[in-house]
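Whatever order the structure lists ligands and atoms in, that order sets their numbers, starting from 1. Residues: numbered from 1 along the sequence shown.
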Amino acid sequence: MAPNMRKLLIAANWKMYKTPAESTAFLTSFFPLIKKNEAAEVVLCPAMTSLPALVDAARGKSVAIGAQNMHWLNEGAYTGETSPTMLTAIGATHVLIGHSERRQYFNETDTTVNLKLKSALAHSLVPIVCVGEHLNEREQNLTADVLNLQVSVALEGIDPDALGTLVIAYEPVWAIGTGRTATPQIAEDAHKIIRARLAAIAGSHVADATRILYGGSVKPDNATNLCCLDDIDGALVGGASLDPDSFAQIIINATHRA
Ligand code: 13P
């Protein structure tokens with residue numbers, strides 16, 4: 001498949017920022033700024049408490065709303081957790097899985113990523129599975145090993161035919177929130193490793209169709225260079241997605257390749 005057959009996807013991860021009122025105020029400012037955008041799919045992932053208000057405010061608009069996390073079960077005695085059925089019931093369509101902050105601070109593992117991925121697919125939530133190496137792993141030349149393991153375990157036991165909506169986000173941990181962006185070449189090389197692994201596990205049709213996003217200090221001024229490369233199909237943006245002007249500019253700059 002030619003690279004441009006994969007539609008760019010630009011997603012915002014708002015992490016633990018913004019109340020519901022702040023989230024809808026963002027949308028009011030943001031929509032007019034991206035009204036000409038057709039080249040990229042846009043997804044906003046707010047905090048759980050802002051999900052219902054954002055789903056309502058985005059209805060009929062070309063912005064999808066996703067969660068930052070979920071449990072893999074439908075219900076149960078799991079204090080503080082949110083289930084996939086709860087997310088779909090309020091109209092969320094996407095979910096981040098295995099973000100490095102979930103792995104680092106909340107003990108998520110490749111095994112729980114696998115359970116969540118299976119569950120998201122079963123509930124028709126578009127999964128955005130996050131992978132990426134730590135700085136010490138990169139320095140020890142272990143990036144390929146880390147990515148291969150993360151992708152392999154995430155996809156274990158999943159029928160390739162069920163992976164139609166899978167999105168992977170490559171987020172090198174050393175680039176998250178640090179202002180230290182991976183160079184386009186570093187990102188492209190990592191994306192090629194991930195795509196090759198997908199092909200080995202699930203076949204080249206899945207590898208060719210899967211969008212692989214880059215995340216880690218994406219800003220308006222580096223979005224064009226990152227998103228113009230063949231294997232980079234969009235971005236997962238943290239800090240720079242909190243401001244409507246900056247996030248809209250990222251979308252405009254990233255879609256320059258299209
Ligand atoms: P920053 O864009 O703030 O580096 O965050 C990246 C990220 O973690 C997105 O999920």
Which atom pairs, nitrogen or oxygen on both sides, join ligand 1 and the protein at under 3.5 angstrom?
| unit_1 | atom_1 | unit_2 | atom_2 | d |
| --- | --- | --- | --- | --- |
| ligand 1 | 2 (O) | Ser217 | N | 3.4 |
| ligand 1 | 2 (O) | Gly238 | N | 2.9 |
| ligand 1 | 3 (O) | Gly239 | N | 2.8 |
| ligand 1 | 4 (O) | Gly177 | N | 2.6 |
| ligand 1 | 4 (O) | Ser217 | N | 2.8 |
| ligand 1 | 5 (O) | Lys15 | NZ | 3.3 |
| ligand 1 | 8 (O) | Lys15 | NZ | 2.8 |
| ligand 1 | 8 (O) | His99 | NE2 | 2.8 |
| ligand 1 | 10 (O) | Asn13 | ND2 | 3.0 |
| ligand 1 | 10 (O) | His99 | NE2 | 2.9 |
| ligand 1 | 10 (O) | Glu171 | OE1 | 3.1 |
| ligand 1 | 10 (O) | Glu171 | OE2 | 2.9 |

Answer yes or no: is there an ion pair linking [X] with [Y], defined by an N-O contact shorter than 4.0 Å?
X: Arg195; Y: Asp233; value: yes
X: Asp110; Y: Arg103; value: yes
X: Glu133; Y: Arg138; value: yes

Modelled atom types, side-chain donor and acceptor of His99 and Glu171, under 3.5 Å:
yes

Taking atom types as modelled, find out whether Asp189 and Gln185 have a side-chain donor-acceptor pair closer than 3.5 angstrom.
yes

I'd like to know whether CD of Glu81 has more than 12 heavy-atom contacts from other residues, nucleotides or ligands below 6.0 angstrom.
yes

